[in-house]
Trainee: 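Okay, handing you the structure first.
Quantities reported herein were computed from a predicted structural model and do not represent experimental measurements. We're numbering straight along the sequence, starting at 1.
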Amino acid sequence: FGIHELCNFYGNNDLTRYANPLQIYYLGYNSGTNEANMMAGCDINLIFKPFRFYGEFLDDDITVFDNKGNPNKYAFQLGSTWYGSSKIKEVGFEYTHVSKYTYGHYSILNGYEFWGEPTAWPWGNDQDVFTLHLLSELRHDLQLNFETNYWLLGNGTVKDDWYVDGRPDLDHTPYWPQHARKIFSFIIGCHYSPLYWVGASCTYKLSVRKGSVYNDLFCYVNLDVPGKRVWRIRNEE
């Protein structure tokens, strides 16, 4: 079990306030500064062989205790995985929910992004994702990966400003994304590694969106230059 806190800020006056690893999230959030964007959360990992259960919760802004119109911004992920010892190595399920406006901030000087990309979950906010995955090892040097995803993708982005959203009260927004795009995808991947320092991977992705079918193919080669230190570590293993 772990807890974490993350803050984007600027200015020397905020350094002593947010650089403290023992900072209490609630006190920092109510410190009076408008530029800092704080988030806190917790994660848990439980192992009962051959099963693993895990989850994470992120609190960007929970506003259930006030009626100022600010939206609740939070995210969580729940998953479980079964591990096998034969050719089927892993079978798992995962569910992710990220509410609208998560990672964003009403101060344009400090949006929760870097070069237009959110610095947390790569796919942004305002969406729900159901994932089913399977990993198979046919031989010690050949692995197959299968993954199915069902996305409910809303229209929210990390750049949305809820003060100019046009609605006076966002305290009671719906749980599911509104007018969501429904996307179904199937992924199959193959990884072949004849030697420990070289490997090749190929992944095919099929997506269905509004009755249209999209196909993607990705291939790449991994190459590690062996050295004395690498060989010594692997030899001891």
Side-chain angles (χ1 to χ4, degrees), residues 1-2 4 41 43-58 75-98 102-103 114 117-154 158 176-177 180-226 230-231 233-234 237:
F1 178 81
H4 62 269
D43 60 86
I44 188 171
N45 187 47
L46 300 174
I47 298 177
F48 300 96
K49 293 183 178 181
F51 295 97
R52 171 182 176 235
F53 303 92
Y54 59 92
E56 180 178 359
F57 177 78
L58 175 70
F76 67 87
Q77 185 177 83
L78 299 174
S80 62
T81 303
W82 172 85
Y83 297 91
S85 57
S86 59
K87 292 184 178 181
I88 304 299
K89 293 298 183 181
E90 297 179 16
V91 179
F93 173 79
E94 189 173 276
Y95 168 63
T96 303
H97 171 79
V98 186
T102 303
Y103 310 130
F114 181 75
E117 296 292 335
T119 55
W121 204 46
W123 293 275
N125 56 18
D126 194 23
Q127 55 187 292
D128 290 81
V129 185
F130 301 85
T131 301
L132 181 65
H133 57 90
L134 182 148
L135 176 64
S136 175
E137 187 174 87
L138 302 181
R139 305 185 317 191
H140 72 280
D141 57 355
L142 181 62
Q143 291 183 335
L144 293 179
N145 180 57
F146 302 90
E147 182 177 311
T148 299
N149 295 285
Y150 179 65
W151 298 67
L152 294 174
L153 185 60
V158 295
W176 301 105
R181 291 168 286 170
K182 300 177 177 62
I183 302 174
F184 174 82
S185 65
F186 176 77
I187 301 172
I188 178 172
C190 175
H191 180 73
Y192 176 60
S193 182
L195 300 172
Y196 74 88
W197 53 273
V198 63
S201 297
C202 187
T203 301
Y204 168 71
K205 178 181 179 181
L206 182 147
S207 303
V208 180
R209 311 172 194 173
K210 294 183 177 180
S212 300
V213 179
Y214 301 86
N215 297 278
D216 297 285
L217 181 65
F218 309 92
C219 297
Y220 58 92
V221 175
N222 295 330
L223 179 64
D224 295 328
V225 178
V230 174
W231 166 251
I233 293 175
R234 294 187 177 274
E237 293 178 349

Trainee: Please find the pair of heavy atoms, one from Pro177 and one from Leu152, that lie closest to each other, and give the distance.
Mentor: CG-O, 3.6 Å
Trainee: With a 6.0 Å cut-off on ring centres, are Phe184 and Tyr150 close enough?
Mentor: no
Trainee: When the ring planes of His97 and Phe76 are compared, do they come out parallel, tilted or perpendicular, using 30° and 60° as the limits?
Mentor: tilted
Trainee: Please report the interatomic distance CH2(Trp151) to NZ(Lys182), rounded to the nearest 0.5 Å.
Mentor: 15.5 Å
Trainee: Donor-acceptor pairs under 3.5 Å, side chain of residues 47-58 to any protein atom, not counting sequence neighbours: which ones?
Mentor:
unit_1: Arg52; atom_1: NE; unit_2: Asn45; atom_2: OD1; d: 2.7
unit_1: Arg52; atom_1: NH2; unit_2: Asn45; atom_2: OD1; d: 3.4
unit_1: Tyr54; atom_1: OH; unit_2: Glu94; atom_2: OE1; d: 2.5

Trainee: Does one side chain, of Asp224 or Tyr196, offer a donor that lies under 3.5 Å from an acceptor on the other?
Mentor: no
Trainee: Nearest 0.5 angstrom please: Phe93 CZ to Thr148 OG1, how far?
Mentor: 11.5 Å
Trainee: With sequence neighbours excluded, tell me which residues meet side chain to side chain donor-acceptor pair (under 3.5 Å) with Thr81.
Mentor: none
Trainee: Which side-chain N or O atoms in residues 206-219 pair as donor and acceptor under 3.5 Å with protein atoms at least two apart or in another chain?
Mentor:
unit_1: Asn215; atom_1: OD1; unit_2: Tyr204; atom_2: OH; d: 2.4

Trainee: What donor-acceptor contacts under 3.5 angstrom involve side-chain atoms of residues 134-141, with partners at least two apart or in another chain?
Mentor:
unit_1: Ser136; atom_1: OG; unit_2: Lys87; atom_2: O; d: 3.1
unit_1: Glu137; atom_1: OE2; unit_2: Gln143; atom_2: NE2; d: 3.3
unit_1: Arg139; atom_1: NE; unit_2: Asp141; atom_2: OD1; d: 3.1
unit_1: Arg139; atom_1: NH2; unit_2: Asp141; atom_2: OD1; d: 3.4
unit_1: Arg139; atom_1: NH2; unit_2: Asp141; atom_2: OD2; d: 3.3

Trainee: Under a 3.5 Å distance rule, please check whether Asn125 uses its side chain to pair with a backbone N or O of Thr102 as donor and acceptor.
Mentor: yes
Trainee: Taking everything shown except Lys205 itself, do over 12 heavy atoms lie less than 6.0 Å from its NZ?
Mentor: no
Trainee: Sequence neighbours excluded and cut-off under 3.5 Å, please list the side-chain donor-acceptor pairs for residues 185-193, or say none.
Mentor:
unit_1: His191; atom_1: ND1; unit_2: Ser201; atom_2: OG; d: 2.5
unit_1: Ser193; atom_1: OG; unit_2: Leu195; atom_2: O; d: 2.8
unit_1: Ser193; atom_1: OG; unit_2: Val198; atom_2: O; d: 3.0

Trainee: Who pairs with His133 by ring pair (Phe, Tyr, Trp, His ring centres under 6.0 Å), at least two apart in sequence or on another chain?
Mentor: none
Trainee: Begin from the C-alpha positions of Trp197 and Leu223 and carry the test side chain to side chain contact (heavy atoms under 4.5 Å, CB included) through to its verdict.
Mentor: CA-CA 6 Å; Trp197 53 273; Leu223 179 64; 3.3 Å; yes
Trainee: Is any side-chain heavy atom of Val129 less than 4.5 Å from a side-chain heavy atom of Trp123?
Mentor: no
